[in-house]
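One structure is given here, and the rest of the page talks about it.
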Amino acid sequence: RFILGPNVQAFDQEAAEYLGVRHAISCANGTDALHLALLAAGIQPGDEVITTAFTFIATAEAIRYIGAIPVFVDIQSHSLNIDPDRIRAAITDKTSAILPVHLFGQPADMNEIQALADEFGLKVIEDCAQSFGSRYQGNTTGGIGAAGAFSFFPSKNLGCYGDGGMVTTNDDDIAARVRMLRNHGSSKQYHHDVIGFNSRLDELQAVILRIKLKHIDDYNQRRLEVARSYNQRLADSRFTTPRIPDDRDHVFHQYTLLCDGRDALREAILAQNIACAVYYPIPLHQQQAFKDSERPELPVTEATAERCLSFPIFPEMTAQQIDTVCEALLTA
């Protein structure tokens, strides 16, 4: 009962209902969710998967886990998400999937991405680690492509008190394969159809997530209000603030500015006991772990990595705390 017990089953059902998908299958963490989603979608060793280099390493790690090849393309300067115009040029006979990341809680341009996938017969696997509750033209992230992968790491908008993850899909076959793969390749106890993994959510995390799920819309709305306050206070400053689009719901997992002199600003802000962090300082195509991969020129990605800095954002943030951060930024 402690592993894959009644609360895990209930959370899977409640998450599926909230996200508007046929299947939501919890697992041990967000990296496993990506790994299992790619495997269940039929991505093969040697296949190419087009993705962004401006993301956490788990996105491309999961591609490598199955023996596939990550192909990095550049991002949009206004959203920091993968640029659909760059995807088309990267498609080859070996391409089998596109893996967009809904970075910082803002959905990628899924209409354009899905249209490319349909044109070339590709699967779309959504990295939704930072986007629980976000919507693109009314559709929740994780329910648009062939599958979505979520993380419930404690810092996420919907976070547990440890590691946790989930695969979402409207495809019955993908769902059945994920359920087997997460549990030692077993569809029935002690009957193992394939070599699988041990990637299961426990009851304690499920209980926490079930409670928090009831409040996720309020949490996300408050994050948006904090972001709008930041943008208003920092308008006409030297900082490039994140755009809040009208056609999708940005849930602001991170509030990220772009600025020149980022490293000096970071030290000045930290000296005032205000938290800030760089997401992400080294794009994946420049990481040592991918030294054997092709290293394309990604000018927008590289410029962003030199100028990005993220600041506190959480549902309980007060107006005074927002003012404190903004005053520090404007006087730094």
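Numbers here are sequence positions counted from 1. For the numbers below, each heavy atom of this structure counts, side chains included, while hydrogens, waters and symmetry mates do not.
- Side-chain N/O atoms of Glu126 and His102 include a donor and acceptor closer than 3.5 Å.
- Side chain to side chain, Gln76 and Ser79 meet the donor-acceptor criterion of an N or O pair below 3.5 Å.
- Dense packing is recorded around CD of Glu119, with more than 12 heavy atoms of other residues, nucleotides or ligands lying under 6.0 Å away.
- Side-chain contact annotation: Ser131 with Thr141, donor-acceptor N/O pair under 3.5 Å present.
- Taking 4.0 Å as the cut-off between side-chain N and carboxylate O, Arg179 and Asp12 do not count as a salt-bridged pair.
- Note: Leu158 CG to Met166 CE = 8.5 Å, rounded to the nearest 0.5 Å.
- Environment of CG in Asp292: crowded, with over 12 heavy atoms of neighbouring residues, nucleotides or ligands closer than 6.0 Å.
- Remark: of the listed residues His285, Gln287, Arg64, Arg64 is the sole one forming a side-chain hydrogen bond (donor to acceptor under 3.5 Å, both in side chains) with Ser293.
- The shortest side-chain heavy-atom distance between Asp85 and Glu112 does not fall under the 4.5 Å cut-off.
- Distance check: Leu234 CG to Ser229 OG gives 10.5 Å after rounding to the nearest 0.5 Å.
- When side chains are defined from C-beta on, Phe132 counts as touching Ile216, because their heavy atoms get closer than 4.5 Å.
- Annotation: Arg262, atom CZ; neighbour count of heavy atoms from other residues, nucleotides and ligands within 6.0 Å is above 12.
- A 4.5 Å side-chain heavy-atom check between Thr304 and Ile75 finds at least one atom pair inside the cut-off.
- A salt bridge is defined here as a Lys NZ or Arg NE, NH1 or NH2 lying under 4.0 Å from an Asp or Glu carboxylate O, and Asp172 with Arg22 meets this definition.
- Proximity of Phe153 to Asn29: side-chain heavy atoms (C-beta onward) are nowhere separated by under 4.5 Å.
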Assess whether side-chain hydrogen bond (donor to acceptor under 3.5 Å, both in side chains) is satisfied between Asn111 and Gln137, documenting all intermediate values. CA-CA 9 Å; Asn111 281 355; Gln137 297 183 1; 2.8 Å; yes
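- With hydrogens and angles left out, the side-chain atoms of Ser96 and Gln44 include no donor and acceptor closer than 3.5 Å.
- Checked for salt-bridge contact, Arg248 and Asp109 meet the test: a charged N lies under 4.0 Å from a carboxylate O.
- Taking the six-membered ring for Trp and the full ring otherwise, Tyr255 and Phe311 have centroids separated by 6.0 Å or more.
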So Leu265 and Cys259, side-chain contact (heavy atoms from CB on, under 4.5 Å) or not? Walk me through it. CA-CA 9 Å; Leu265 175 65; Cys259 62; 3.5 Å; yes
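- When only modelled atom types and interatomic distance are considered, Thr301 and Asp74 share a side-chain donor-acceptor pair under 3.5 Å.
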Please test Asp217 against Gln221 for side-chain hydrogen bond (donor to acceptor under 3.5 Å, both in side chains), starting from the C-alpha separation and ending with a verdict. CA-CA 6 Å; Asp217 285 339; Gln221 178 60 34; over 6 Å; no
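- For the pair Arg307 and Asp260, the salt-bridge criterion is met [side-chain N within less than 4.0 Å of a carboxylate O].
- By the 6.0 Å contact criterion, CD on Gln232 is open, its count of non-hydrogen atoms from other residues, nucleotides or ligands being 12 or less.
- Using a 4.0 Å cut-off between a side-chain N of Lys or Arg and a carboxylate O of Asp or Glu, Arg222 and Glu316 do not qualify as a salt bridge.
- Side-chain atoms of His23 and Ile174, non-hydrogen and from C-beta on, never get closer than 4.5 Å to each other.
- Aromatic pair Phe104/His250: centroids not less than 6.0 angstrom apart.
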Decide side-chain hydrogen bond (donor to acceptor under 3.5 Å, both in side chains) for Thr59 and Thr51; before the verdict, give the C-alpha distance in whole Å, the side-chain angles of both, and the deciding distance to 0.1 Å. CA-CA 8 Å; Thr59 306; Thr51 191; 5.6 Å; no
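- You'll find the side chain of Cys27 reaches within 4.5 Å of the side chain of Leu36, heavy atoms only.
- Neither side chain, Arg233 nor Asn231, offers a donor N or O lying under 3.5 Å from an acceptor on the other.
- Of the N and O atoms on the side chains of Asn157 and Asn220, at least one donor lies less than 3.5 Å from an acceptor on the other residue.
- Judged by the 6.0 Å and 45° rule, Arg135 forms a cation-pi pair with Tyr18.
- Between the CE atom in Met317 and the OG1 atom in Thr324 there is a gap of 8.0 Å [rounded to 0.5 Å].
- Crowding of Tyr161 atom OH: a count of heavy atoms from other residues, nucleotides or ligands under 6.0 Å not exceeding 12.
- With respect to Asn7, the side-chain contact (heavy atoms from CB on, under 4.5 Å) criterion is satisfied by exactly one of Leu209, Val207, Ile208, Asp202: Val207.
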